[in-house]
2 protein chains.
Amino acid sequence: MLPELKIQPLRCVLAIVDEGGFHAAARQLHRTQPAVSMAVRELEQRLGEPLFEKGGKATLTPFGRYCLPRFRELITQHDRLSRELWAQVQKQAGHVDMAAVPSVASRLMPQLLSDFILRYPDLKVSLHDGSADFVRRLVAGGEVELGFTSLWREDDELSFMPLMRDEVGVVCRDDHPLAERAELGWEALQGQVLIRNGTSRLLEGTEAEPLLEESAFDISNMISLTAMLVAGIGITTLPRLAFPQEYERLRFIPLVDPMVERELGLLRPGKRSLSPAAQAMEAFVIESLRAETLAVP
Amino acid sequence: MLPELKIQPLRCVLAIVDEGGFHAAARQLHRTQPAVSMAVRELEQRLGEPLFEKGGKATLTPFGRYCLPRFRELITQHDRLSRELWAQVQKQAGHVDMAAVPSVASRLMPQLLSDFILRYPDLKVSLHDGSADFVRRLVAGGEVELGFTSLWREDDELSFMPLMRDEVGVVCRDDHPLAERAELGWEALQGQVLIRNGTSRLLEGTEAEPLLEESAFDISNMISLTAMLVAGIGITTLPRLAFPQEYERLRFIPLVDPMVERELGLLRPGKRSLSPAAQAMEAFVIESLRAETLAVP
DNA sequence: CCTCATGGTAAGAAAACCTGATCATCGGAT
DNA sequence: ATCCGATGATCAGGTTTTCTTACCATGAGG
């Protein structure tokens with residue numbers, strides 16, 4: 001019952017009024033004059049009421065004058081929306097919600113993000129950080145679109161793209177007997193006071209696993225862990241990226257005998273797609289890390 | 001550069017989401033399912049970004065979720081406008097500005113308007129009143145769409161539709177020598193104190209015209225005029241409709257020798273059209289007065 | 001394994017749309 | 001007065017868009 005107004009004919013009416021004639025309007029719209037005439041006529045009989053006077057000149061009827069500002073308003077709304085969506089698709093606007101594991105968040109993301117906003121100055125980014133499992137849950141739950149984390153469990157709801165390897169090493173104070181070694185095997189750690197942490201499960205399933213059994217401490221908080229290390233209470237194992245290099249007295253010695261690595265990469269919703277802004281972020285991260293592959297600072 | 005969004009495809013997207021599937025949406029839209037699919041696909045590639053996930057079910061992409069409320073908003077605006085215009089055309093809404101000569105405004109319009117709002121309960125009417133020339137100017141200037149007046153000057157910008165004739169008579173106090181006469185000729189008025197008024201020009205060009213030369217007063221204000229008549233200062237001529245019947249002491253005696261009539265009717269802008277509401281008013285007035293042609297109360 | 005649901009695809013038909021040429025009308029110039 | 005230029009209107013034709021009909025691929029549930 002209600003007539004379906006199409007945008008184009010409305011635009012014709014505006015052009016006719018603004019340009020003051022069918023011919024001028026046609027020129028502005030890159031159409032021919034008959035096209036404009038017919039569009040208007042079609043619109044008129046759809047409304048059941050003429051918009052322009054019949055005689056000669058392009059003069060609005062009272063009804064046409066009534067319609068004009070309303071047409072203009074609708075078209076404005078349309079154009080606003082069109083521009084907005086276009087900006088989204090062109091990545092000139094939008095928002096990315098992402099999450100990362102703390103080591104990535106503190107060691108990789110600062111540079112990455114500052115490069116990113118240089119490339120996409122109009123995109124907004126929110127970065128959450130937390131344990132690998134926390135990141136995985138955020139991605140799975142759709143609360144963030146991308147996670148930069150290490151993979152430890154296959155999940156066919158999610159898809160993981162590996163981007164870099166991060167080797168595990170031993171961390172101890174600079175006056176520790178092992179501190180001067182260039183590399184270590186697991187046997188060298190026997191008898192040491194080993195502090196477990198959140199990343200220690202990387203050793204599970206390797207020859208070094210027995211060491212974990214002996215450890216008396218299990219400290220997940222990084223601040224507490226480094227405090228204990230600086231105090232010389234014990235040693236621990238960490239991936240290189242998680243090694244807090246800002247503490248001068250701590251040393252990182254690569255573990256080579258059981259060579260253990262974690263794989264860091266981007267976690268994203270399996271089949272589902274990403275928002276344009278998140279697509280930009282994903283591509284940007286992949287591109288950035290392809291360049292400096294294992295170049296961990 | 002900016003994509004032109006058409007209303008229909010947007011409606012498709014809404015229907016798919018609301019009905020939870022392409023088939024259900026197609027049913028609601030009275031289309032076939034492929035039509036819906038193709039409409040969506042067309043929209044997607046116009047935007048350059050998919051709205052629905054590819055795999056099987058009808059699930060929105062993040063971009064789709066972003067678009068949805070905006071689509072809904074635009075469609076809401078569109079429908080509101082469509083309904084509004086439709087109401088105007090169907091005379092279920094709108095406004096008529098009209099003007100009438102005082103006699104019409106006070107003697108005819110009250111009944112006419114009360115009948116009109118019965119027939120068109122949702123239309124609003126503004127009624128201005130003033131001299132015939134004033135009315136003509138309002139119509140010519142487009143300040144009102146219709147005038148109910150008498151015609152005295154042809155004007156090819158305006159068009160006049162005669163609706164009733166209104167005979168001129170003599171008005172005097174009930175104790176005047178002429179008061180008991182059933183009708184009068186112009187000779188009977190010779191020597192009388194004749195007060196001119198705004199309608200006296202109707203006598204110009206008739207045998208009675210010389211009488212106007214002798215008249216000492218020219219009173220255009222109706223209140224003043226009746227006051228003088230009631231005071232017995234003189235007599236005047238008036239069309240029957242302008243005769244103030246609420247004054248018990250005044251008498252109206254038809255003038256038959258020079259039978260003078262004015263023609264009352266609707267004045268409207270010549271070629272230009274009327275708003276839907278004004279069209280309704282025009283038709284209604286014509287129809288009403290055709291029924292009770294000369295039945296002046 | 002079969003069945004019934006989901007959407008997607010392809011070819012033909014229908015509708016909408018645009019163009020190019022032509023026409024009627026009006027106003028202003030000569 | 002007449003011609004000229006400009007305005008919209010109109011119509012036939014072809015092109016593009018949009019719909020439909022029929023069919024295919026896939027996945028969930030009995």
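In what follows, every chain begins at residue 1, and chains take the letters A, B, ... in the order their sequences are listed. Values reported hereafter were calculated over all heavy atoms of this structure, with side chains retained and with hydrogens, waters and symmetry mates removed. Note that the structure is predicted; figures quoted are calculated from it, not measured.
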Is Arg72(B) salt-bridged to Asp18(B), going by a charged N under 4.0 Å from an acidic O?
-> yes
Near-strand residues of residues 58-71 of chain B, defined as heavy-atom separation under 4.0 angstrom from DNA chain C = Ala58(B)
Residue pairs fulfilling ring pair (Phe, Tyr, Trp, His ring centres under 6.0 Å) with at least one residue in residues 54-73 of chain B, sequence neighbours excluded = none
In whole angstroms, how far is the P atom of dA16(C) from the CZ atom of Arg41(A)?
-> 13 Å
Distance-minimising heavy-atom pair for Leu146(B) and Met281(B) | CD1-CG, 3.6 Å
In whole angstroms, the gap separating C1' of dT6(C) from CZ of Phe52(B) amounts to 14 Å
Under 4.0 Å from any atom of DNA chain C, heavy atoms only: list the residues of residues 19-27 of chain B that qualify, in numerical order.
-> Gly21(B), Phe22(B), His23(B)
Please determine which of Thr149(B), Asp166(B), Thr199(B) meets the side chain to side chain donor-acceptor pair (under 3.5 Å) test together with Arg262(B).
-> Asp166(B)
Does Arg272(A) CZ have over 12 foreign heavy atoms under 6.0 Å away?
-> no
When you check the phosphate oxygens OP1 and OP2 of dG8(C), does a side-chain N or O of Ser37(B) lie under 4.0 Å from one of them?
-> yes
Is any NZ, NE, NH1 or NH2 atom of the basic residue among Lys57(A) and Glu53(A) found under 4.0 Å from an Asp or Glu carboxylate oxygen of the other?
-> no
What string of B, S and - do you get for nucleotides 17-30 of chain D, 5' to 3', if B is base contact, S is sugar-phosphate-only contact and - is no contact with any protein heavy atom under 4.0 Å?
-> -SBBBB--------
Considering all heavy atoms, the nearest Ile7(A)-Glu4(B) contact | CG2-OE2, 3.0 Å
Carboxylate-amine/guanidinium proximity below 4.0 Å for Asp79(A) and Arg83(A) = no
Thr206(B): partners by side chain to side chain donor-acceptor pair (under 3.5 Å), with sequence neighbours left out = none
Which pairs count as salt bridge (Lys or Arg N to Asp or Glu O under 4.0 Å) when at least one residue sits in residues 84-102 of chain A, sequence neighbours excluded?
-> Arg80(A)-Glu84(A), Glu84(A)-Arg70(B)
Whole Å only: how far is the CD1 atom of Ile16(A) from the C1' atom of dA9(D)?
-> 13 Å
